[in-house]
Asks: 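I have a structure I would like to understand better, so I am pasting it below and will then ask my questions one at a time.
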Number of protein chains: 2
Amino acid sequence: MSLTVVGSMAFDEIETPFGKSGKIIGGSATYIAWAASNFLDSVNQVSVIGEDFPKDELDELSKKGVQLEGVQMKQGEKSFYWAGRYHMDMNTRDTLATELNVLADFDPMIPDSYQSSEFLILGNLTPQVQKSVIEQFKVRPKLIVMDTMNFWMETALSDLLEVIKMVDVLLVNDSEARQLTGEYSLVKAAKKILTMGPKYLIIKKGEHGALLFSENHVFFAPAMPLDDVFDPTGAGDTFAGGFIGHIARTKDISFENMKTAIIVGSAMASFCVEQFGVKRLRGITRDDISERLDQFVQLVNFDIDLV
Amino acid sequence: MSLTVVGSMAFDEIETPFGKSGKIIGGSATYIAWAASNFLDSVNQVSVIGEDFPKDELDELSKKGVQLEGVQMKQGEKSFYWAGRYHMDMNTRDTLATELNVLADFDPMIPDSYQSSEFLILGNLTPQVQKSVIEQFKVRPKLIVMDTMNFWMETALSDLLEVIKMVDVLLVNDSEARQLTGEYSLVKAAKKILTMGPKYLIIKKGEHGALLFSENHVFFAPAMPLDDVFDPTGAGDTFAGGFIGHIARTKDISFENMKTAIIVGSAMASFCVEQFGVKRLRGITRDDISERLDQFVQLVNFDIDLV
């Protein structure tokens, strides 16, 4: 059940209408690992950090079974840093600062001990870096899942299209799906994206849930209605981590099992947004997850026999 | 299984990025009746029309079992008329013209033959008119469902709050729920609205589905992902018609059955948006509805035993 996670491990500084986080731990690979490690004994992490990255954060991840051999630590350099401010609707945000630092020339290395990974998830990174990771696997993983963002559509489209061709599952949000295809209808956008290489497409719609498409099927997972979304940062990565964590645990890559996996992803994301950063994710137990999944059953399960 | 429907029967003239409808039949009671009549032998209609309202439209409704005794026809007057233009996102629209005509002094009359109605649905109308309808029933219907809109929150709030107190199920859209409560969070808004009188609240979110709230439960019905939304006019009323049609057919006002009812409502709305006005609703069969409901099961049904 080996899973390799590739992405950033970073510092975030977040402002929302509810408060300021100060400088906290963030990064796509951090969120994915925190989520996926709930379902697996071991997670193979690939990332890059500066010498400013807190040792105790790494220790906590280790305790959750996250292997750090693939995490490069650059002496004398600083970790990736992002600062942003959310608007009142918590759906839109302004970037206040981005410092690439160690991420600027990130050259990921897949340790030999990761080579047998059956599952690979590529968090949002330069398409070229994502491609280099795939190419380093001597045996192609059974399932490759990839996240990306609009920035690469604007600055590195041909590289992006090349990597998209190589993966099994693409994760984008609704506006990215529209941007990538020029289609306003998400159904039409999905049909186009499924001709670009991936067999499965997940379109994340934030508080409006997520859609899973294959050539002939579509499935919808709602977001859990919450009293408040405290901080949406990392919700998409946490969703991805729950998704791949469930798939890697069950080793079942059928569409039917992917349905369950995006419900698991939604459940994990619903924890993430309750606190700044990974704070809530640190505290959850197996029972918390089971209870939240039961709430999802209540939220969407209905009796059609009556009709 | 008697149901009384109150609302407008009118002319609409719609422009979308896909085309212009010309002058077609619309109105909340028209859509509700077209949807609900699929589930019932008979629907008691209450409305007002001018002498310009086409006779063959009334005949078609009659054929579907819609009783017209409560539909007043005002000789020498014109029917309500609305013209609007949708933006590219199909979620927002500009009103180009509104002519109240017969609706300006609508004084609804509940015929004796409607008095035994167990179910009552009040389409969007002046709160005072809605209240007058409720008061005309000698025996209170088993379930009263009410739709409204932001316009009455701005112009007749105290009247509106008075009627809201008298109903069992309130239907609003997301922005109206926010406006009525001053709460951005829909969960918090729902909690507030459920202290205003109704035992159940449905928040419609257009293409993002609908939420059903009771004091202790929440349920979510997605909208069917479609290649194109051709014309969203009347989708909310059609949803309401499917909802009350299912409830009136099954005579079951439990939360569990309301879950199924909002899935039925979503299914009916998914037909409505495929064509201008009620065009698509005219053509659907019982088989079309069953097939669409099966698609909803596929869309949201997942196997949680695997988790």
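So you know, we letter chains A, B, ... as the sequences are listed, proteins then strands, and number each from 1.
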Asks: Taking side chain as C-beta onward, heavy atoms only, is A/Lys191 less than 4.5 Å from B/Asp227?
Replies: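 Touching, per the 4.5 Å side-chain cut-off.
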
Asks: A/Lys205 and B/Glu207: which non-hydrogen atoms are nearest, and at how many Å?
Replies: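 Minimum heavy-atom separation between A/Lys205 and B/Glu207: NZ-O, 4.3 Å.
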
Asks: Against chain A, label B/Leu211 side chain, backbone, both or neither, depending on which of its atoms sit under 4.5 Å from a heavy atom there.
Replies: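 Contact with chain A: side chain only.
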
Asks: Distance check, rounded to the nearest 0.5 Å: A/Lys188 atom NZ versus B/Leu226 atom CG?
Replies: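 So the NZ of A/Lys188 and the CG of B/Leu226 are separated by 11.0 Å.
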
Asks: Assess the residue pair B/Phe220 and A/Phe296 against the criterion (side chain to side chain contact (heavy atoms under 4.5 Å, CB included)); give the C-alpha distance rounded to whole Å, side-chain angles, the decisive distance to 0.1 Å, and a yes or no.
Replies: CA-CA 10 Å; B/Phe220 177 80; A/Phe296 271 89; over 6 Å; no

Asks: For B/Asp89, is it the side chain, the backbone, both or neither that has a heavy atom under 4.5 Å from a heavy atom of chain A?
Replies: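 Both backbone and side chain.
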
Asks: Determine which residues belonging to residues 232-245 of chain B lie within contact range of chain A, meaning some heavy atom pair is under 4.5 Å apart, and list them by number or answer 'none'.
Replies: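 Not one residue of residues 232-245 of chain B has a heavy atom under 4.5 Å from chain A.
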
Asks: Locate the shortest heavy-atom distance separating B/Thr260 from A/Asp303; write the atom from each residue and the value.
Replies: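 Shortest heavy-atom contact: OG1-O, 2.9 Å.
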
Asks: Taking atom CZ as the centre, does B/Arg85 end up with more than 12 heavy-atom neighbours from other residues, nucleotides or ligands that are less than 6.0 angstrom away?
Replies: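 For B/Arg85, atom CZ is not crowded (no more than 12 foreign heavy atoms under 6.0 Å).
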
Asks: Report which part of B/Tyr184 has an atom under 4.5 Å of a heavy atom belonging to chain A: side chain, backbone, both, or neither.
Replies: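 The answer is the side chain of B/Tyr184.
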
Asks: ring-ring contact (aromatic ring centres under 6.0 Å, His included) with B/His217: which residues, sequence neighbours excluded?
Replies: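 Per chain and number, B/His217 pairs via ring-ring contact (aromatic ring centres under 6.0 Å, His included) with B/Phe255.
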
Asks: Minimum heavy-atom separation for B/Gln298 to A/Lys259, with atom names?
Replies: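 Scanning both residues, the minimum pair turns out to be O-NZ, 3.4 Å.
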
Asks: So which of A/His208, A/Met88, A/Glu183, A/Gln295 has the biggest tally of heavy-atom pairs under 4.5 Å with chain B?
Replies: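 Between A/His208, A/Met88, A/Glu183, A/Gln295, the count favours A/His208.
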
Asks: Given that the side chain runs from C-beta out, which part of B/Leu299 has a heavy atom under 4.5 Å from chain A: side chain, backbone, both or neither?
Replies: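 Both backbone and side chain.
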
Asks: B/Phe302 pairs by side chain to side chain contact (heavy atoms under 4.5 Å, CB included) with which of A/Asn257, A/Val297, A/Asn301?
Replies: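 Going through A/Asn257, A/Val297, A/Asn301 one by one, the side chain to side chain contact (heavy atoms under 4.5 Å, CB included) with B/Phe302 is satisfied by A/Val297 alone.
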
